[in-house]
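In what follows, a single structure is set out as structure tokens and then discussed.
Note on naming: letters A, B, ... go to the chains in the order of the sequence lines (proteins, then strands), and numbering restarts at 1 for each one.
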2 protein chains.
Amino acid sequence: MTHSHNHTACVQVALTNAAQLCAERGVQLTPIRQQVLELIWANHHAVKAYDLLERIKPLQSAAKPATIYRALDFLMEQGFIHRVESLNAFIGCTDLRTVHEQLLLICKQCQDVEERQANAVMQSLADELKEAGFTAHHKAIEIHGICQNCQQ
Amino acid sequence: MTHSHNHTACVQVALTNAAQLCAERGVQLTPIRQQVLELIWANHHAVKAYDLLERIKPLQSAAKPATIYRALDFLMEQGFIHRVESLNAFIGCTDLRTVHEQLLLICKQCQDVEERQANAVMQSLADELKEAGFTAHHKAIEIHGICQNCQQ
DNA sequence: TAATGATATGTTATATTGTAACATATAGAA
DNA sequence: TTCTATATGTTACAATATAACATATCATTA
Ligand SMILES: [Zn+2]
Ligand SMILES: [Zn+2]
Ligand SMILES: [Zn+2]
Ligand SMILES: [Zn+2]
């Protein structure tokens with residue numbers, strides 16, 4: 001994603017959808033929440049909470065850790081962002097309109113994180129969980145390696 | 001696993017295999033490393049580093065965070081334990097003799113973590129990664145929910 | 001033997017990540 | 001207006017993890 005794409009469009013889609021969904025749901029996309037979402041969408045890297053804190057300070061001089069973590073909690077509840085567990089970091093969700101499980105491909109070289117639907121994987125996982133008698137509430141599927149662009 | 005099994009056997013297998021593998025590999029299972037491994041194997045819960053620190057202090061009064069993290073690094077390098085990314089915690093590996101990807105089923109109720117081979121899942125994941133052109137180095141697949149025993 | 005090098009541990013300090021708790025503000029509903 | 005829910009401000013701290021340098025131990029080898 002770092003490589004040649006119209007990222008302005010990515011950001012605009014994300015923000016427009018978030019605003020729309022908030023309106024539909026009767027929740028508030030406040031300035032702080034919107035700014036945090038925009039900062040996360042600065043690129044396709046996973047962003048750390050304290051990096052967000054530094055970056056939002058020019059806009060919100062009173063910002064403290066709780067400011068960021070509250071905004072992150074909200075954005076996660078609404079499904080606008082995902083937490084990358086193995087990085088303690090956050091990325092914008094690229095598929096706001098679908099209820100989905102996320103498979104995250106995390107490139108060690110360019111730091112980009114790609115979210116994929118991976119329906120076949122999710123289906124075999126569902127089969128496996130059924131066999132195990134396990135009721136899933138949340139799935140974290142995070143693959144670290146080298147992305148297609150970085151291999152060339 | 002909490003429910004009715006011979007856990008003494010689990011521990012013994014884990015420790016015996018670890019000792020054997022260290023001998024084969026020419027690395028040292030020092031007292032600290034062995035004690036940390038035993039503490040991790042106290043049960044099938046994921047254990048946090050600072051809990052290990054408290055628990056090892058009666059045995060190693062000089063223990064500090066670095067003591068634990070170094071032992072954990074060693075045990076992970078040797079494949080004797082896994083890090084549970086979504087819990088910042090560690091579990092003993094139940095399958096020391098096989099090179100494998102781990103699928104971790106994490107029960108919210110009893111805290112047990114079950115490691116499963118899940119060959120079908122891994123195969124569809126491999127297919128998906130191939131399609132994505134992504135070369136995987138490390139996989140963290142962690143499912144949170146309710147285990148079979150806790151549902152009854 | 002003595003010097004060397006590799007490994008493991010001791011020790012202090014600090015960096016990073018995340019929450020708790022309580023106060024204040026704001027705005028719509030009753 | 002008063003109440004209530006929601007959002008934010010603020011202080012303090014808890015929990016997780018690493019850096020950096022000192023010391024110890026032991027096998028190798030000059
Ligand atoms: Zn983009
Ligand atoms: Zn890349
Ligand atoms: Zn057991
Ligand atoms: Zn359970």
Say whether Lys108(B) and His144(B), considering side chains only, have a donor N or O and an acceptor N or O under 3.5 Å apart.
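Side-chain D/A pair, Lys108(B) to His144(B): absent.
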Starting from the 5' end of DNA chain C, give me the residue, Ala66(B) or Val27(B), whose nearest nucleotide shows up first.
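On the 5' side of the pair lies Val27(B).
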Specify the residue among Tyr69(A) and Lys64(B) whose closest nucleotide of DNA chain C lies further upstream toward the 5′ end.
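Mapping each residue to its closest nucleotide by heavy atoms, the 5'-most match is Lys64(B).
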Go through the steps to decide whether Phe74(A) and Val27(A) satisfy the test side chain to side chain contact (heavy atoms under 4.5 Å, CB included), and finish with yes or no.
CA-CA 10 Å; Phe74(A) 172 84; Val27(A) 296; 3.9 Å; yes
Check whether any side-chain heavy atom of His7(A) sits under 4.5 Å from a side-chain heavy atom of Trp41(A), and report yes or no.
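The answer is yes, as the side chains (C-beta and beyond) meet within the 4.5 Å cut-off.
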State the CD1-CG distance between Ile56(A) and Asp51(A), to the nearest 0.5 angstrom.
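Going from CD1 on Ile56(A) over to CG on Asp51(A), the span is 13.0 Å.
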Euclidean distance, Lys48(B) NZ relative to Leu53(B) CG, rounded to 0.5 Å:
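Nearest 0.5 Å value for the CG-NZ distance: 14.0 Å.
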Using the rule given for side chain to side chain donor-acceptor pair (under 3.5 Å), can you reason through Arg25(B) versus Gln78(B), listing the C-alpha separation, both sets of side-chain angles and the distance that settles it, and then say yes or no?
CA-CA 9 Å; Arg25(B) 293 169 185 171; Gln78(B) 298 302 319; 2.9 Å; yes
DNA chain D contacts made by residues 82-93 of chain B, counting heavy atoms under 4.0 Å:
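Contacting residues: Arg83(B), Asn88(B).
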Remember a base hit wins even if backbone is also touched, and classify Arg70(A) as base, sugar-phosphate or nothing at under 4.0 Å, heavy atoms.
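Since a base atom lies under 4.0 Å of Arg70(A), the category is base.
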Between atom [atom1] in [X] and atom [atom2] in [N], what is the gap in whole Å?
| X | N | atom1 | atom2 | answer |
| --- | --- | --- | --- | --- |
| Asp51(A) | dT17(C) | CG | C1' | 11 Å |
| Gln34(B) | dA8(C) | CD | P | 15 Å |
| Lys48(A) | dT16(C) | NZ | C1' | 8 Å |
| Lys57(B) | dT11(C) | NZ | P | 13 Å |
| Tyr50(A) | dA15(C) | OH | P | 13 Å |

Result of checking Leu103(B), Leu87(B), Leu105(B), Ile106(B) against Glu142(B) for side chain to side chain contact (heavy atoms under 4.5 Å, CB included):
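Testing each of Leu103(B), Leu87(B), Leu105(B), Ile106(B) against Glu142(B), the sole residue satisfying side chain to side chain contact (heavy atoms under 4.5 Å, CB included) is Ile106(B).
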Using a 4.0 Å cut-off to any heavy atom of chain A, which nucleotides of DNA chain D are the first and last in contact, reading 5' to 3'?
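Reading along DNA chain D, I get dT6(D) to dT11(D).
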Ignoring hydrogens, what is the shortest heavy-atom contact between Gly133(B) and Gln151(A)? Give both atom names and the distance.
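Heavy-atom minimum between the residues: O-NE2, 2.7 Å.
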Evaluate Arg116(A) against Glu114(A) for salt bridge (Lys or Arg N to Asp or Glu O under 4.0 Å), listing each step before the verdict.
CA-CA 6 Å; Arg116(A) 293 178 70 94; Glu114(A) 184 188 358; 3.2 Å; yes
